[in-house]
Amino acid sequence: MVRPLDRKLLRDLVRMKGQAAAISVVIGLGVMMQVMMGGLVNTLDETRATYYDRYRLADVFAPVVRAPNHVLARIAEIPGVASVEARVTGSALVDLEEDALPVRARVVSIPDTGVPRLNDFYLVQGRVPSPGRGDEIMLLNGFAKARDLVPGDRVDATMNGSKRLFRVVGLVESPEFLYTTAPGELVPDDARFAVIWMRRAALSAAYDMNGAFNEALVGLSRGGSADGVKAALDRLLDAYGAAGAYGLDMQMSNRFVSEEIKGLRVTSAVVPPIFLAVAAFLLYIVISRMVQAEREQIGLLKAFGYSSMEVGLHYLKFVVLIAILGAFLGAVGGIAAGRATAVFYQSYFKFPFLVFQLDKSSFVIGFLVSILAASGGSLFVLRGVFGLTPAVAMRPPAPADYSGTGQMPGWARRWLDQPSRMVLRRILRHPGRMAGSVIGIGAGMALSVTTLMMMAGFERAVDLTFDEIDRSDMSLTFVTPLAPGAVHALARQPGVQHVEPVRVVPAILRNGLNSYNGAVDGRVEWPRLNRVIGAGVQPIAMRREGIVLAEPLARILEVKVGDSLTIEVREGRRPVLEIPVIRIARTLLGAPAFMEIEALNRALKEPGRVSGAYMSIDGNQRDRLISAIKSMPSVAGVAQKEDARRALVELMNTGPGATRYIMTAVAAIIVFGIVYNAARIAMAERMRELASLRVMGFTRDEAGFVLLGELAIVTLAAIPFGLVWGYYMTFAMVAGFSTDIYQIPVVFSPQACGVAIIAVVVAALVSGWLVKRDMDRLDLVAALQTRE
Amino acid sequence: MDQKDKPITAFSVRGLTKTYGEGAAAVHALRGVDLDLPKGEFVVLLGPSGSGKSTLLNILGGLDRATSGTVRFEGQDLTKMSEAELTLYRRDHIGFVFQSYNLMPSLTALENVELVTEIADDPLDPAEALALVGLKERVQHFPAQLSGGEQQRVAIARAVAKRPTVLFCDEPTGALDSTTGRAVLQVLKDVNETLGATVLIVTHAAATAQMADRVLHFADGAIREEIVNATKLTPAEIEW
Ligand SMILES: Nc1ncnc2c1ncn2[C@@H]1O[C@H](COP(=O)(O)OP(=O)(O)OP(=O)(O)O)[C@@H](O)[C@H]1O
Ligand SMILES: [Mg+2]
């Protein structure tokens, strides 16, 4: 037999189904975020690891100028090396007729027969080039898709100075090229960088590498030390022009992917807990008021001789059931949403498959937090009720105390009609409850404000980067650093208005144990086309005596203005410089370091050299300029700002930033859930009073006014509170969303506030309407007949 | 069964006071009650509204605490009992019918009775208890589907079903017509006689006093007059 108390529990649940559902949804969404993000991050991590493992991605990469094949056997003998592969790689330009600008490409060899021992590829479409067919190539799938290329198409490519026609036979994905950018660019753009695979014999012929290789790939044995192997490789390959072996951790694609997943992990550590905390807080408030309304029944049960323990357990069961229901829905939703987002990110990260993985701790946290918040809310009230004797508990709470706070000032008595006075009295009489509602609605609103301000932050990041910092129209990279004459030559091209030279050299920046593998960007004293700006947006000048670091870089290296930095240049003579930090610059893209261009050149003992340039152009002459540049053999690549801008927006909308849309939607639902709950509870608490009003002859609308007037006042009071709270919460949220590639600024956005206010007001109107509808249907007799 | 001629005291009350609130706003609901109630008696408590009848019932029933004085039930002092002891006292000995019926709205009539029989040692069958108050046909109805009098009868069945040692009824017949009122009183009488329960009834209907063993007149928080009836009427004989 079902015990009568349990039956009461089930009936009460059914009776309060609307409210129980609203509560479950709120806490469920908090749990959903937690489970979704945890599952997403774990899935991406696991997928990446599995992908790397299955396609045998190398642990160490050792580029050289030219090493004879027999060296390979000696590499294999290095302790800790489990497998080796030699290959030939080179840079190339792909000429697509549809586009005036050639696309930069990397060419990679595959063995003449069979598959690579390391850095295998996944064939998406078509086939592998036939052995001995030097004109057959495979293309990176992402590039092919962006350019509408399919197996069977022909493309022109310039390799090592000579242009040839190739036939595309296959499209592939590779764990080595999940993220590809043209050298010197930061934001990936599938359309503007290609990877080409071809048989080694053909490639060796093109790059004059017969009997030799220019990159060794090494797989470590279990427990093998990457550092030891790198050092041994550098020693062994020194004679062949070693450029320095590097580990997977420094490999460009992997670093990007790792950073993005790390960014998502930070987001998942920071953002869902905020949602969960807000949801838990609401659960606490709602549950405590729900239990409060049961006060008389609690007293009655105790009068029968039920112990506090038994009564407490009964109500705990009740609220924990709601909490678990919510957490369960949230967990199920979170698994589904986690899978859906993982599928979304699968194409972003270009994984050929996904290994779904849940985050067990997120379930534990989600369920625990829900249950604790719910039981906390009920225990808090139960403790109070148990402190009362059953006789007192059974009385309707505090019916008499209209004296103190209920006293109306004279003006209120004069100007307010009776229903308005009832609204005001109730608010004055239950300041605690009202504060709870205000905080609850404010919290939901804060979530909306935060997510919306974050949206504004994303937009601001793009605007700052491309309107305030980069004011050029086009940037250009030379094949090798050139003499200053190159700049003058550019300035004479059609449509060019202004040219600003840059010298970028790859370098490792070090401060003690902190290091960053990046580049030093040499700029003219007062950059105008691509500016360096300070914490405001004021431009910063380059000075000869020191280096200017971007704020995120200063953070990574843990340096401040005045500290000295070690810079190991990875180009030319490879000097090691000791340079003081003179300014911290604000950047939203990447983590660059700036020096005055001539100071940099002098340190390299290469005066006057330029590796690229920013240009402002006359838009009408763009086509003429492009065809002119196309005929300049010294130009390795051209980037148009509009492409870069589009690519960044795309990155923000498809990368980790994409989750902001989900979060905004969830925040909106939570806001609605909260407001609806507040209205619902107010109605439950006043059922009898409202029924009495109706019986006394008040119209539906007058009775509704008494109920909804309160909701309106609480909502209005919550708005300023939610705005302030939301603004401060944005700082935490934005930190979670900023990645190594881009940073999101905190922007106080009046529009975001406006939208959030509208959202809350609409939620209040809809909730008010729903509750009013129920109230109009209220069975007056039933409401008055039974005493609860 | 108790011997009426050798009464054992159920309640022994001395100097009982109860004050609500403090200072100027203090309400002295009980101003020193002295009372001995023999076990197994049928007692009626009369008095004007606000005189403290419900307050006394609540304290005797272990629902509320006294401000001062002692209440002994079968030798134990209720005023010194812990919360847990009071709970056991209520569970094992007391049946309560409240002035406002206080049914659980989400439980049916039968389930409301089961709520109490569940934690009782040797209860009546809940359906039988409801049959006793003439509600056999309404066991599956919810309180909202019952009239005020029917709700009151469910409350009585609920109090009776646990076979209480003491049954407190706060105006059990206030909402009832004469026929049902008499039937309810007959039930209370039966409980008193067949189960040997001490029954204490608060009522405004002075005629009810005619069926009592003992009548207490209450005014201003104290007992003003105590009458032991030599002859008692049956409920059927009472003028309504
Ligand atoms: N919780 C309380 N707080 C303040 N005063 C109270 C409280 N409960 C009862 N009183 C006051 O104590 C006095 C006695 O109340 P009690 O309920 O015992 O009266 P009663 O004799 O049962 O009256 P009635 O016949 O109307 O039920 C009344 O004046 C009442 O206002
Ligand atoms: Mg009373």
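Keep in mind that what you see is a predicted model, and the values were worked out from it rather than measured. By convention in this document, chain letters (A, B, ...) are assigned in the order of the sequence lines, proteins followed by strands, and residues within each chain are numbered from 1. Computed from heavy atoms alone, side chains included, the values below leave out hydrogens, waters and symmetry copies.
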For the backbone of B:A219 and the side chain of B:S51, can you confirm whether one donor and one acceptor N or O come within less than 3.5 Å of each other? no
Using the rule given for side-chain hydrogen bond (donor to acceptor under 3.5 Å, both in side chains), can you reason through B:S68 versus B:T17, listing the C-alpha separation, both sets of side-chain angles and the distance that settles it, and then say yes or no? CA-CA 5 Å; B:S68 70; B:T17 71; 2.7 Å; yes
If one checks every heavy atom of B:Y89 against chain A at 4.5 Å, the contacting part turns out to be neither
Side chain, backbone, both or neither: which part of B:I94 has a heavy atom under 4.5 Å from chain A? neither
Does the B:R138 side chain pair with the main chain of B:E150, one donor and one acceptor, at a distance under 3.5 Å? no
Most heavy-atom pairs under 4.5 Å with chain A, out of B:L88, B:V116, B:N112, B:I59, belong to B:V116
Among B:R158, B:E83, B:K162, which has the most heavy-atom pairs under 4.5 Å with chain A? B:R158
Using atom types as modelled and distance alone, determine if a side-chain donor or acceptor of B:R14 lies under 3.5 Å from a backbone N or O of B:D34. no
Under 3.5 Å, is there a donor-acceptor pair between the B:E114 and B:T117 side chains? no
Chain B shares the most heavy-atom pairs under 4.5 Å, among A:S307, A:G299, A:S308, A:G305, with A:G305
